[in-house]
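The structure under discussion appears below in the form of structure tokens.
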Number of protein chains: 2
Amino acid sequence: MLPQERTEPPFTFTYLNNMAQRIFIVDDHPMVVEGMRHMLQQITGVEVCGHASTARSCLGYFVKNTADVVLLDINLPDQSGIEVCKTLVLQHPALKVIALTNFDQLTYIQRMQEAGAKGYLLKNASLDEIEHALQAVAGNQEYWLGRDNQRDTLKDHNQLLLTRREIEVLKWIAEGLTNQEIADKLFVSASTIDSHRKNLISKLQVKNTAALVRTALENKII
Amino acid sequence: MLPQERTEPPFTFTYLNNMAQRIFIVDDHPMVVEGMRHMLQQITGVEVCGHASTARSCLGYFVKNTADVVLLDINLPDQSGIEVCKTLVLQHPALKVIALTNFDQLTYIQRMQEAGAKGYLLKNASLDEIEHALQAVAGNQEYWLGRDNQRDTLKDHNQLLLTRREIEVLKWIAEGLTNQEIADKLFVSASTIDSHRKNLISKLQVKNTAALVRTALENKII
DNA sequence: GCCTCCTTCCCCTAAAAGAGGGATTTTTTA
DNA sequence: TAAAAAATCCCTCTTTTAGGGGAAGGAGGC
């Protein structure tokens, strides 16, 4: 497939000087797609031109169509979002790809950046954050602020990612198990679970276990 | 108002002896509608014939159309789901109305029952529960099992509903505040907050604060 | 082979929560 | 208005967390 020129922008009227930004959403979770679509509907000068739940159907769309911005999930059922991103920016150099990610996948955003993405948004981003990201890419800027903020808020050797064990422990904590009960389940000492709990509280910058569970659920870590 | 989304012809075949059960969804949260639609798509013999986000557009649909089952939110922006239920069963006696509710609105389901509903589902119901409810109403049975189960699991004088104060305290707990901090905020003693916390744990039948926060978030109580 | 990260485990103290009670006052509702 | 429910507060006692600290072994990357 040859790289092709960016097609003419659509003639969607919104305001005098602005064309509507056409957004294409790619995520395999209907909840995320519809949630995002709903958020975008509340932003003036923006329209959703389509969505796809697989890499294949996304790339299929972009064979004959284009958009201004693609909100692209990193985890797709058939292919990595990173590969999809590479393909898209190769074929549509003017296309702005914004990665969609969960809190626990933040390590992948660097690879998305290398793959040509112009920014990223957490799946539970606020309307404000979405708006800022779209304004940034519309002005040919990038939007990685959230990542940096996130990084700054994290202690412990700049660890961005929860470890497998930590997530495992976190799930049991949210179930209501005590350190000792989790320890029995995982055949380790209660001290170990306590360490994991403390690291989780530290990494996610929360005050206690209650807030830890809330943050974990709201960021879809568990 | 004209029907807005009826797309499928009435004669959709699925199996030899069964017509597809036609479901109409009424909820003002797109997330709930799409989530429910997605769940229903996974059930054979069921099709979504449309949805509405307001009482008005719902009643508008049923002026010239009908369905087999209506999944009806109790809280609608323009009118109570209870009133909508009464109107629907009056105009379409064969229509099975299943109430959609959150955990903290369980007291209303009795009024939905009086209004002619044939069952209820929590908004975070599992695929199994949805399937059972649909099978029940298809067989002219009612589906209130969940309510009874719920009732059985609740202690303290069969209280089904969290009080305003309890929900208020619950929100602060999920924010990560301690009893003392919440007490300072609400100008009461820490003992009071402790009582509320204990009542919450008792009412929601969870082991500790971590599970309380999880349950509260998953049931959209906060 | 070094270094980082993960996992594991331990120490300490103080604070908070969990599990029983019980009790009073205000507010709602039947 | 009387009963029911909600909100308030207190007690004791035990267990669990929070927040410091440190440290050792192993796996994997460079």
Side-chain angles (χ1 to χ4, degrees), chain A residues 104 106-107 110-111 151 154-216, chain B residues 104 106-108 110-111 114 151 154-216:
Chain A
D104 61 330
L106 283 175
T107 43
Q110 190 171 353
R111 295 176 58 194
R151 184 174 277 166
L154 296 174
K155 292 177 178 171
D156 283 51
H157 318 96
N158 272 351
Q159 293 165 1
L160 281 165
L161 190 65
L162 301 185
T163 66
R164 271 187 305 275
R165 199 55 154 179
E166 282 166 346
I167 292 173
E168 191 176 7
V169 169
L170 184 47
K171 284 177 183 167
W172 289 119
I173 290 173
E175 291 280 346
L177 273 64
T178 65
N179 289 338
Q180 187 57 58
E181 288 169 333
I182 301 170
D184 292 343
K185 247 181 211 308
L186 303 183
F187 303 106
V188 294
S189 128
S191 309
T192 304
I193 306 301
D194 190 48
S195 295
H196 288 314
R197 184 192 293 257
K198 283 190 271 199
N199 287 335
L200 285 163
I201 288 174
S202 164
K203 281 190 182 182
L204 298 187
Q205 280 286 288
V206 291
K207 277 188 61 179
N208 54 29
T209 304
L212 174 66
V213 170
R214 186 221 178 110
T215 302
Chain B
D104 61 331
L106 283 177
T107 42
Y108 296 110
Q110 190 171 354
R111 294 175 57 194
E114 290 159 7
R151 183 174 277 165
L154 296 174
K155 292 177 181 170
D156 283 54
H157 321 298
N158 271 349
Q159 294 165 359
L160 282 165
L161 189 66
L162 301 185
T163 67
R164 272 188 304 274
R165 198 58 152 178
E166 282 167 347
I167 291 173
E168 192 177 5
V169 169
L170 184 46
K171 284 177 182 167
W172 290 119
I173 290 174
E175 290 281 344
L177 272 64
T178 65
N179 289 338
Q180 187 57 58
E181 288 168 334
I182 300 170
D184 293 343
K185 243 178 216 307
L186 302 184
F187 303 105
V188 293
S189 124
S191 308
T192 306
I193 307 301
D194 189 49
S195 294
H196 288 312
R197 184 191 292 258
K198 282 191 274 197
N199 287 334
L200 284 164
I201 287 174
S202 163
K203 281 190 181 181
L204 298 186
Q205 280 285 291
V206 291
K207 276 191 63 181
N208 54 28
T209 303
L212 174 65
V213 171
R214 185 220 181 112
T215 301

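A, B, ... follow the sequence lines: proteins, then strands. Residue 1 opens every chain.
Between the side chain of B:S202 and the main chain of B:K198, no donor-acceptor pair closer than 3.5 Å is present. No side-chain donor-acceptor contact under 3.5 Å links A:N179 to the backbone of A:I182.
At a threshold of 4.5 Å between non-hydrogen side-chain atoms, the residues B:V188 and B:R165 count as touching. Between B:W172 and B:I193 there is no side-chain heavy-atom pair separated by less than 4.5 Å.
Looking at heavy-atom distances under 4.0 Å, A:S189 makes contact with sugar-phosphate atoms alone, never a base. Heavy atoms of A:K207 sit under 4.0 angstrom from primed sugar atoms or phosphate atoms, though from no base atom.
The CD1-P distance, from A:I193 to D:dA18, rounds to 14 Å in whole Å. Taking atom CZ on A:R197 and atom C1' on C:dC9, their separation rounds to 17 Å, with Å as the unit. Straight-line distance from the CD atom of A:Q180 to the C1' atom of D:dT14: 15 Å, rounded to whole Å. Whole-Å rounding puts the A:L177 CG to C:dG18 P distance at 14 Å. A:R165 has its CZ atom 8 Å from the C1' atom of C:dT7, to the nearest Å. Rounded to an integer number of Å, the gap from B:N208 CG to C:dA17 P is 11 Å.
For the pair B:E181 and A:K207, the salt-bridge criterion is met [side-chain N within less than 4.0 Å of a carboxylate O].
The shortest distance between the side-chain N/O atoms of A:H196 and the OP1/OP2 oxygens of C:dT8 is below 4.0 Å. In this model, the phosphate group of D:dA6 is not approached by any side-chain N or O of B:R164 to a distance below 4.0 Å at OP1 or OP2. Close to C:dC10, at under 4.0 Å from its OP1 or OP2, lies a side-chain N or O of A:S191.
Heavy-atom nearest nucleotides on DNA chain C were determined for B:N179 and for A:D194, and the one closer to the 5' end corresponds to A:D194.
Closest to the side chain of A:T163, out of C:dC6, C:dT8, D:dG19, is C:dC6. Closest to the B:T192 side chain, of the nucleotides C:dG18, D:dC9, D:dA7, is D:dC9. Side-chain atoms of B:S195 lie closest to D:dC10 of the nucleotides D:dC10, D:dA18, C:dT7. Closest to the B:T178 side chain, of the nucleotides D:dC10, C:dA16, D:dG19, is C:dA16. For B:V188, the listed nucleotide lying nearest its side chain is D:dT8; candidates were C:dT7, C:dC9, D:dT8.
A rotation axis mapping the C1' atoms of four pairs onto the next four is fitted at both ends of the helix from C:dG1-D:dC30 to C:dA30-D:dT1 over five pairs, and the angle between these axes is 70° to 10 degrees.
Counting all heavy atoms, side chain and backbone alike, B:R214 lies closest to A:K171 at NH1-O, 4.2 Å. For the pair B:A210 and A:I173, the tightest heavy-atom approach, listed with the atom from each and the gap, is CB-O, 3.3 Å.
You'll find a donor-acceptor pair under 3.5 Å spanning the side chain of A:K198 and the base of D:dG19, going by distance alone.
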